[in-house]
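Just below is one structure, and these are the notes that go with it.
Just so it is clear, the model here is predicted, and its values are computed rather than measured.
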Amino acid sequence: CFTSCNYNAFNMFPKKAFQIIMNQVDLLLLDINSLKFPPRLIAATMLYHYLPVQIPNISKADVLKATGSKLKDILTQNF
């Protein structure tokens with residue numbers, strides 16, 4: 001869809017929020033221990049902790065629903 005759609009989904013996400021979240025992901029991935037976590041969980045955790053702060057009309061519950069993650073999975077990870 002990225003090549004055939006009439007819109008670019010990446011332009012719809014606020015640039016500042018994306019940069020902040022990706023900086024945190026980059027820092028986390030520098031630690032070799034991050035390899036024990038599935039990428040899906042890393043992404044969901046970062047979105048859960050940083051997205052509602054950057055975009056107030058998105059709640060933590062919205063992030064959980066969108067990612068399909070459970071709160072216990074996110075809160076019990078020791079990144």
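Distance CD1/I21 to OH/Y48: 14.0 Å, rounded to 0.5 Å. Here the straight-line distance linking atom CG of D31 with atom NZ of K36 works out to 8.5 Å at 0.5 Å rounding. Separating the CG atom in L47 from the CD1 atom in I55 is a distance of 9.5 Å, to the nearest 0.5 Å. Taken from NZ in K70 to OG1 in T76, the straight-line distance is 12.0 Å, to the nearest 0.5 Å. Here the CG-CZ distance, from N23 to F18, works out to 10.0 Å after rounding to the nearest 0.5 Å. Interatomic distance, S69 OG to L75 CG, rounded to the nearest 0.5 Å: 11.0 Å.
Hydrophobic clustering keeps V53 apart from I58 (ILVMFWY residues linked when any side-chain heavy atoms are closer than 4.5 Å, directly or through intermediates). One hydrophobic cluster, built from ILVMFWY side chains closer than 4.5 Å, cannot hold both L27 and L41; they sit in different ones.
Crowding of I32 atom CD1: a count of heavy atoms from other residues, nucleotides or ligands under 6.0 Å not exceeding 12.
Residues M46 and L28 are in side-chain contact: their nearest non-hydrogen atoms beyond the backbone lie under 4.5 Å apart. Within the 4.5 Å cutoff, the side chain of L64 has heavy atoms near those of the I74 side chain. Side-chain contact between K60 and L71 is absent, with no heavy atoms from C-beta onward closer than 4.5 Å. The shortest side-chain heavy-atom distance between L29 and I42 falls under the 4.5 Å cut-off.
Considering every non-hydrogen atom in both P52 and S59, the closest pair reads CG-C, 3.9 Å.
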